Number of protein chains: 2
Amino acid sequence: MNRRNTPSKEAILDLLSGSKKALSQDAIERQLDIEINRATIYRVLNRFCEDDIVHKIVAEDGKQYFAICKKCDDPSEVFQHHFHFRCLSCDTIECLQVPVEYSVPNGYEVQNANCVLTGVCDDCS
Amino acid sequence: MNRRNTPSKEAILDLLSGSKKALSQDAIERQLDIEINRATIYRVLNRFCEDDIVHKIVAEDGKQYFAICKKCDDPSEVFQHHFHFRCLSCDTIECLQVPVEYSVPNGYEVQNANCVLTGVCDDCS
DNA sequence: ATTTTATTGCGAATATGTTGCAATAATACG
DNA sequence: CGTATTATTGCAACATATTCGCAATAAAAT
């Protein structure tokens with residue numbers, strides 16, 4: 001199951017790399033220069049997630065957003081899990097450099113954290 | 001826009017009150033004694049949310065879950081926002097008595113927090 | 001008893017995400 | 001290079017969650 005380099009993969013990776021925001025499938029499709037099928041975009045994104053190149057956030061709107069967030073995924077930084085901020089005004093989601101801290105009851109094992117704060121960002125307020 | 005008391009409303013409220021878990025529309029429909037239309041269930045739940053009787057959580061599966069969580073909504077308790085735990089094994093979501101703590105950059109205004117930890121709960125491990 | 005209008009059920013619409021399948025194309029290998 | 005292998009793509013269809021319009025029903029107010 002070796003990965004191959006394709007125009008789709010490159011284009012989506014470039015877009016995400018250059019974006020400061022987490023993007024949804026439709027946002028990606030809109031912002032791309034080339035045309036890529038919806039299903040393909042999802043497949044590429046899911047592959048990125050499997051390979052831990054990208055992380056996925058699900059917002060309150062129930063939609064999936066994808067972000068690269070180099071700083072956050074930097075192994076030298078300790079926090080894998082960070083808060084995300086969804087601005088209701090400009091309808092974007094960004095990774096905050098704010099680690100998610102929590103405790104859980106005994107016997108609970110946490111595998112993932114999906115944390116989204118919603119409100120109005122600085123640009124919009 | 002005054003609210004009216006109806007069998008649907010009561011049944012759903014009773015169910016949520018008696019449940020220790022956050023429930024999705026289909027879980028509610030399944031657990032109800034009486035039959036209530038899907039759209040109606042959503043409408044009742046959304047009204048509850050508007051009236052702050054119930055809070056909504058959106059999990060990574062993109063689905064909405066509703067919980068009453070008296071303890072958490074108790075005004076004497078300071079934390080309105082708390083973590084939720086989704087167990088992948090028993091496929092339930094529960095409110096944890098763990099407050100969500102965070103800071104945001106200057107100028108950001110937070111209106112809501114949707115935080116879900118995913119993993120395996122004590123019962124299932 | 002009657003009026004007002006919130007609520008309901010139904011069907012249809014919308015939106016998001018996934019999947020099967022055949023066609024295409026990236027890579028490996030002679 | 002030329003060919004074989006198989007990952008990737010596009011398309012259409014599917015699945016699921018949620019919402020919406022509309023007419024019918026039934027709380028509540030008078």
Side-chain angles (χ1 to χ4, degrees), chain A residues 1-16 22-51 53-67 86 88 91-93 112 114 116 118, chain B residues 1-16 22-51 53-67 84 86 88 91-93 114 116 118:
Chain A
M1 194 66 93
N2 282 332
R3 297 275 125 100
R4 292 180 181 176
N5 288 321
T6 68
S8 299
K9 182 178 168 179
E10 274 186 52
I12 295 174
L13 193 57
D14 283 355
L15 184 57
L16 281 177
L23 301 176
S24 60
Q25 173 274 322
D26 64 290
I28 291 173
E29 189 169 341
R30 251 182 289 117
Q31 291 179 38
L32 279 174
D33 299 324
I34 60 176
E35 234 180 71
I36 307 180
N37 183 271
R38 192 159 45 107
T40 301
I41 296 179
Y42 278 113
R43 283 189 277 225
V44 169
L45 289 170
N46 286 332
R47 262 174 253 144
F48 284 160
C49 286
E50 282 173 33
D51 300 345
I53 297 169
V54 157
H55 65 279
K56 181 201 291 192
I57 314 112
V58 177
E60 292 147 290
D61 58 5
K63 286 173 62 176
Q64 302 178 348
Y65 292 80
F66 301 84
R86 172 155 176 252
L88 295 172
D91 193 32
T92 62
I93 295 193
N112 194 25
N114 188 81
V116 182
T118 306
Chain B
M1 192 67 90
N2 282 332
R3 296 275 126 99
R4 294 180 180 176
N5 287 321
T6 68
S8 300
K9 182 177 168 179
E10 274 185 51
I12 296 175
L13 193 57
D14 283 356
L15 184 58
L16 281 177
L23 301 176
S24 61
Q25 173 274 323
D26 64 290
I28 291 173
E29 189 169 341
R30 252 182 289 117
Q31 292 180 38
L32 278 174
D33 299 324
I34 60 176
E35 234 180 73
I36 307 180
N37 184 270
R38 197 157 39 106
T40 301
I41 296 179
Y42 277 113
R43 284 189 278 225
V44 169
L45 289 170
N46 286 333
R47 263 175 252 144
F48 284 159
C49 286
E50 282 173 32
D51 300 346
I53 297 170
V54 157
H55 66 280
K56 182 200 291 193
I57 313 112
V58 176
E60 291 148 290
D61 59 4
K63 286 174 62 177
Q64 303 177 349
Y65 293 81
F66 300 86
H84 298 88
R86 173 157 176 250
L88 296 171
D91 193 33
T92 63
I93 294 193
N114 189 78
V116 183
T118 305

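Atoms considered below: every heavy atom in the structure, side chains included; atoms not considered: hydrogens, waters and symmetry mates. Note that the structure is a prediction, hence the values are computed from the model and not measured.
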- Among residues two or more places apart or on two chains, list those pairs meeting side-chain hydrogen bond (donor to acceptor under 3.5 Å, both in side chains) that have a residue in residues 3-14 of chain A. Arg3(A)-Asp51(A)
- Task: Specify the separation, in whole Å, of atom CD1 of Ile12(A) and atom P of dT8(D).
- Result: 12 Å
- Does any non-hydrogen side-chain atom of Arg38(B) lie less than 4.5 Å from one of Ile41(B)? no
- Query: Reckon Ser8(B) touches a base, only the sugar-phosphate, or nothing at all at heavy-atom distances under 4.0 Å?
  - Reply: sugar-phosphate
- Task: Starting from C1' on dA15(D), measure out to NZ on Lys63(B) and report it in whole angstrom.
- Result: 12 Å
- When you check every protein heavy atom under 4.0 Å of nucleotides 18-30 of chain C, what one-letter string (B, S, -) results, 5' to 3'? BBB----BBS---
- Close side-chain approach of Leu23(B) to Thr92(B), heavy-atom, < 4.5 Å: no
- Item | Side chains of Phe66(B) and Asn46(B) in contact at under 4.5 Å (non-hydrogen atoms) | yes
- Query: Bend across the helix from dA1(C)-dT30(D) to dG30(C)-dC1(D), to 10°, with axes taken over 5 pairs at each end?
  - Reply: 30°
- Interatomic distance where OH belongs to Tyr65(A) and P belongs to dG17(C) [whole Å]: 9 Å
- Partner set under side chain to side chain donor-acceptor pair (under 3.5 Å) for Gln25(A), not counting sequence neighbours: Glu29(A)
- For the residue pair Ile57(A) and His55(A), establish whether any side-chain heavy-atom pair is separated by less than 4.5 Å. yes
- Message: Without decimals, in angstroms, what is the distance between Glu35(A) CD and dC11(D) P?
- Response: 8 Å
- Query: To the nearest angstrom, how far is Arg47(B) atom CZ from dT5(C) atom P?
  - Reply: 17 Å
- Rounded interatomic separation in angstrom, taking CG from Leu45(B) and C1' from dT19(D): 14 Å
- Note on the structure: Residues at least two apart in sequence or cross-chain that pass side-chain contact (heavy atoms from CB on, under 4.5 Å) with Thr118(A), listed by chain then number, are Glu60(A), Arg86(A), Leu88(A), Val116(A), Asn112(B)
- From CD of Glu29(A) across to P of dG17(C) the rounded distance in Å is 12 Å
- Find the distance Leu13(A):CG to dT8(D):P and express it as a whole number of Å. 14 Å
- Message: Tell me every residue that passes side chain to side chain donor-acceptor pair (under 3.5 Å) with Ser24(A), counting only those two or more places apart in sequence or in another chain.
- Response: Asp26(A)
- Task: Taking the side chain as every heavy atom from C-beta outward, state whether Phe48(A) and Leu13(A) have any pair of such atoms under 4.5 Å apart.
- Result: yes
